Amino acid sequence: MALLQISEPGQASAPHEHRLAAGIDLGTTNSLLASVRSGAAETLPDAEGRHLLPSVVRYLADGTHQVGEVARQQAADDPLNTIISVKRFMGRGIDDVKSLGSVLPYHFVPAESGMPLIRTVAGDLSPVQVSADILAELRQRAEQTLGGELTGVVITVPAYFDDAQRQATKDAGKLAGLNVLRLLNEPTAAAVAYGLDQRPDGIIAVYDLGGGTFDISILRLNQGVFEVMATAGDTALGGDDMDRVIAGWIMQQAGVADDPGHGLQRRLLQAACAAKEALTDSEQVDINVELDTGRWQGTLNRAQLDELIEPLIRKTLAPCRRALRDAELDPADVQQVVMVGGSTRVPKVRSMVGEAFGREPLVDIDPDKVVAIGAAIQADILAGNKPEDEMLLLDVIPLSLGVETMGGLTEKIIPRNTTIPVARAQEFTTFKDGQTAMALHVVQGERELVEDCRSLARFELRDIPPMTAGAARIRVTYQVDADGLLSVSAEEQTSGATAHIEVKPSYGLTDNEVETMLRDSMDHAEDDMQARRLREQQVEADRVLEALQAAMQQDAESFLDSEERAAIEQAAQTLAEARNGTDHRAIKNAIEKLEAVSTVYVDRRMNANIRKAMAGHAVDEFK
Amino acid sequence: MSSTLTQNFFELFSLPQRYALERADLDARYRDLQRTVHPDRHASAGDQQRRMAMQQAAHINEAYQTLKDPLRRARYLLELRGHVIEDQQTTHQDPEFLMQQIELREALAEIREQDDPLQALDRLARDIRAQYHALESDLAEALDSGAEIEQAVTLVLKMQYFTRLQNEVQELEADLEDELY
């Protein structure tokens, strides 16, 4: 049995190969890919040397699509089929989309899952599918540049994203065929990129103003551990809004009516964006727009721009104060201010933020690339390439989680800014004799009324053992993992029966829908699905076997008697054989069997490691 | 060897079961625990191990949140000694204390009418904090010196009043700031 041959104690195991991992910044306007190569994290360009991939997908009548610059250039000519800023629709409902204003040129179609579909010549598409097409493009770039299959990726999300938006992002990763190691908050990624873990301990504020979202995060750094203390933001505020006020100014100057057509609107926004960017380095800029009635020319200077966008920047300062208050800190406690997002290039943004925190912000890493670079560093660690690295990122849940109670009120289960992962339990009872089902409505937000919070999902508990009213004690556990994703489980306490839970996400896809999309995306659906499932199970089998082997080399003797050890080795052997076969179900079964016999071992090891970690501290360090 | 998931929070952190603790020491223990169990530390292991890591990490987070907050720590200690205090539970036995609470609440209600509301609120917040800290040191004494449990319970209930008051101060502060800027 070669696989689990135990080496002599102290003998090092063979150094494993470098695993390919990447960080992806899936942005509203642009997306980026980065990876750690020869020890340094860098963004990876496409064949033409371009690092930024515009987050734009154009769908064509023949069912194909274009991603990036080529799609962006067609945006003005083919506005209905060219999807830009799709990140704004992720995990959102049709009403949210409408509230973004008349600026959206797409035809939205209501869908069974609350997230509306976008009607294109290539069919009705979920924002998740559009995002997956962007991710697939980056995956291809990564595999071509790095020369192999990716072990996993870290995808960044705004810290302020709620559960539905995070789940949609993770689903997009899955659809793109990526193994998502972690969803990482963008500000945390930026702090990592600046290598702040190498600097003295202290408080860091990360101000992230992107194309469509604003986030502020307050982090505490202590010996390589980044602990997010508080986060706040606005998921519908960004550089796009600056473009809109500038476009509004142009319309006013040029005497254009309030409701320009889609094409003109795109031209106005492009001119506005170009003017804003030009004013970063110059004091004034000439604007030139082709209107429906002829050409308009005008001049915008820095002072005028500052005045136009000042209210928008001011809007970002309220969340800054709130985050500091939640962290129980004053602006003076902040040692570093990190700037993220293309919109932080705007001089007025830098000066107002500097003023608010009373210190010069850090701007030396390109604000467009800093998030992807941080994600790449984290992906490299999570893929297992740096086992000695002490860095650890502890994130928080950005918005409170609650359940609906009588009268449409919310009861908070997990308050915002609680460190994740977190689990909280609640007990319910039945109010009718023989009741076997009950419903739970989980929402996210700070307000008292359910209707003012975001609906996340409705959970239906079934198979509750029938009892007299009030006798059943149903313990519902809400768990939020390190990605900020919620899962719910329920157990009847007196009988120990696990209730079956059916989840209906309010603005997300069910597992079945993701599966269907996956199938639809493949040319030879059935064969491809089989091949994919087999590959997934093989990867999981390898992980399990490799981790087990490494553990057993270290300490099998301390934790297992010979009988237990023989049982584990037997199950591992079975899995190793199944893994080389072609039956994905057999592999899955073998994994489950191995996990069942090794639970006791994993548990003992973890408990022992916890005790070991505490042994370094004196039992009573102060008398 | 019992599972760390069933240990009480003090045992989990290898700390003596008492109220007094050194915050920096607690923080250092927390970091070392998370460095051991956090799911990111088990990212390349199989699903099962990652699930177990997540459970442990959630448990350690819960323990840390409980131990680091003076009021929650006190309630947890009382719970371990067999005395559960509910969130909403209040005391009605000390008329002098209730009178003082009413006065503080009146002061809070009148903040908006002051010339400089933010500054007035700041003064009031300092006053509240000082009284809270005074209660806290009495509580530390009561819990760690073997006094009657009733004495500690009364102090915890008084602190709960102050915590609610502090929450209202914070809400008002947020509202005032947002109106002002």
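To find a chain, count down the sequence lines: A is the first, B the second, and so on, and within it residues start at 1. The model shown is predicted, which means the values in this text are computed figures rather than measured ones.
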Trainee: Is it true that atom CZ of Arg112(B) has more than 12 heavy atoms of other residues, nucleotides or ligands lying nearer than 6.0 Å?
Mentor: yes

Trainee: Tell me the closest heavy-atom pair linking His38(B) and Leu393(A), and the distance in Å.
Mentor: NE2-O, 3.9 Å

Trainee: Heavy atoms only, distances under 4.5 angstrom: which of Leu394(A), Thr418(A), Val544(A) has the most pairs with chain B? Name it, please.
Mentor: Leu394(A)

Trainee: Just how far is it from atom CG of Leu26(B) to atom NE2 of His617(A), taken to the nearest 0.5 Å?
Mentor: 10.0 Å

Trainee: Should we say atom NZ of Lys612(A) is surrounded by more than 12 heavy atoms from elsewhere, each under 6.0 Å from it?
Mentor: no

Trainee: Of the backbone (N, CA, C, O) and the side chain (C-beta and beyond), which part of Asn222(A) lies under 4.5 Å from a heavy atom of chain B, both, or neither?
Mentor: both

Trainee: Among side-chain atoms of Gln378(A) and Asp40(B), is any donor-acceptor pair under 3.5 angstrom?
Mentor: yes

Trainee: Measure distances from Ile381(A) to the heavy atoms of chain B and classify the residue's part below 4.5 Å as side chain, backbone, both or neither.
Mentor: neither

Trainee: Assess whether atom CD of Glu427(A) is packed by more than 12 heavy atoms of other residues, nucleotides or ligands within 6.0 Å.
Mentor: yes

Trainee: How long is the straight-line distance from CZ of Arg220(A) back to CG of Asp27(B), given to the nearest 0.5 Å?
Mentor: 5.0 Å

Trainee: Tell me if the CD atom of Glu448(A) is crowded by more than 12 foreign heavy atoms within 6.0 Å.
Mentor: no

Trainee: In Å and rounded to the nearest 0.5 Å, what is the OG1 to OH distance from Thr419(A) to Tyr30(B)?
Mentor: 4.5 Å

Trainee: How long is the gap from CZ on Arg35(B) to CE on Met391(A), to the nearest 0.5 Å?
Mentor: 11.5 Å

Trainee: Does the salt bridge (charged side-chain N to carboxylate O under 4.0 Å, His left out) test come out yes or no for Arg31(B) and Glu227(A), once each step is laid out?
Mentor: CA-CA 9 Å; Arg31(B) 284 193 301 274; Glu227(A) 204 180 324; 5.7 Å; no

Trainee: Can you establish whether the number of heavy atoms outside Glu96(B) located under 6.0 Å from its atom CD is more than 12?
Mentor: no

Trainee: With rounding to the nearest 0.5 angstrom, report the CE to CG distance, Met614(A) to Leu12(B).
Mentor: 8.0 Å

Trainee: Taking the side chain from Arg543(A) and the backbone from Ala45(B), do they hold a donor-acceptor pair closer than 3.5 Å?
Mentor: yes

Trainee: Evaluate Asp326(A) against Gln170(B) for side-chain hydrogen bond (donor to acceptor under 3.5 Å, both in side chains), listing each step before the verdict.
Mentor: CA-CA 9 Å; Asp326(A) 280 356; Gln170(B) 280 208 356; over 6 Å; no

Trainee: Nearest 0.5 angstrom please: Ile591(A) CD1 to Gln48(B) CD, how far?
Mentor: 11.0 Å

Trainee: Please check: side-chain N/O of Arg322(A) versus main-chain N/O of Ala174(B), any donor-acceptor pairing under 3.5 Å?
Mentor: no

Trainee: Go through it in stages, so that I can follow the logic: the residues are Gln49(B) and Met606(A), the test is side chain to side chain contact (heavy atoms under 4.5 Å, CB included), and I'd like the CA-CA distance, side-chain angles, deciding distance and then a yes or no.
Mentor: CA-CA 9 Å; Gln49(B) 190 175 330; Met606(A) 210 172 283; 4.2 Å; yes

Trainee: Any heavy-atom pair between the side chains of Arg611(A) and Ser14(B) that's under 4.5 Å?
Mentor: no

Trainee: Quick one: are Arg19(A) and Ser44(B) in side-chain contact, heavy atoms under 4.5 Å?
Mentor: yes

Trainee: Can you check whether Asp47(B)'s main-chain N or O pairs, donor with acceptor, with Glu540(A)'s side chain at less than 3.5 Å?
Mentor: yes

Trainee: In this structure, are over 12 heavy atoms from other groups packed under 6.0 Å from Glu328(A) atom CD?
Mentor: no

Trainee: Within a reach of under 6.0 Å around NZ of Lys412(A), are more than 12 heavy atoms found that belong to other residues, nucleotides or ligands?
Mentor: yes

Trainee: Check whether any side-chain heavy atom of Val37(B) lies under 4.5 Å from a side-chain heavy atom of Ile610(A), and answer yes or no.
Mentor: yes

Trainee: Would you call Leu382(A) and His42(B) a side-chain contact if the rule is heavy atoms closer than 4.5 Å?
Mentor: no

Trainee: Can a donor-acceptor pair be found, under 3.5 Å and without considering hydrogens, that links the side chain of Asn61(B) to the backbone of Pro421(A)?
Mentor: yes

Trainee: Evaluate side chain to side chain contact (heavy atoms under 4.5 Å, CB included) for Val225(A) paired with Gln34(B), printing each intermediate quantity in order.
Mentor: CA-CA 9 Å; Val225(A) 178; Gln34(B) 283 297 10; over 6 Å; no

Trainee: Can you tell which of Glu62(B), Gln65(B), His59(B), Gln55(B) has the highest number of heavy-atom pairs within less than 4.5 Å of chain A?
Mentor: Glu62(B)

Trainee: Verify the neighbour count for atom CZ of Arg126(B): are there more than 12 heavy atoms of other residues, nucleotides or ligands below 6.0 Å?
Mentor: no

Trainee: Glu595(A) versus chain B, heavy atoms under 4.5 Å apart: side chain, backbone, both or neither?
Mentor: both

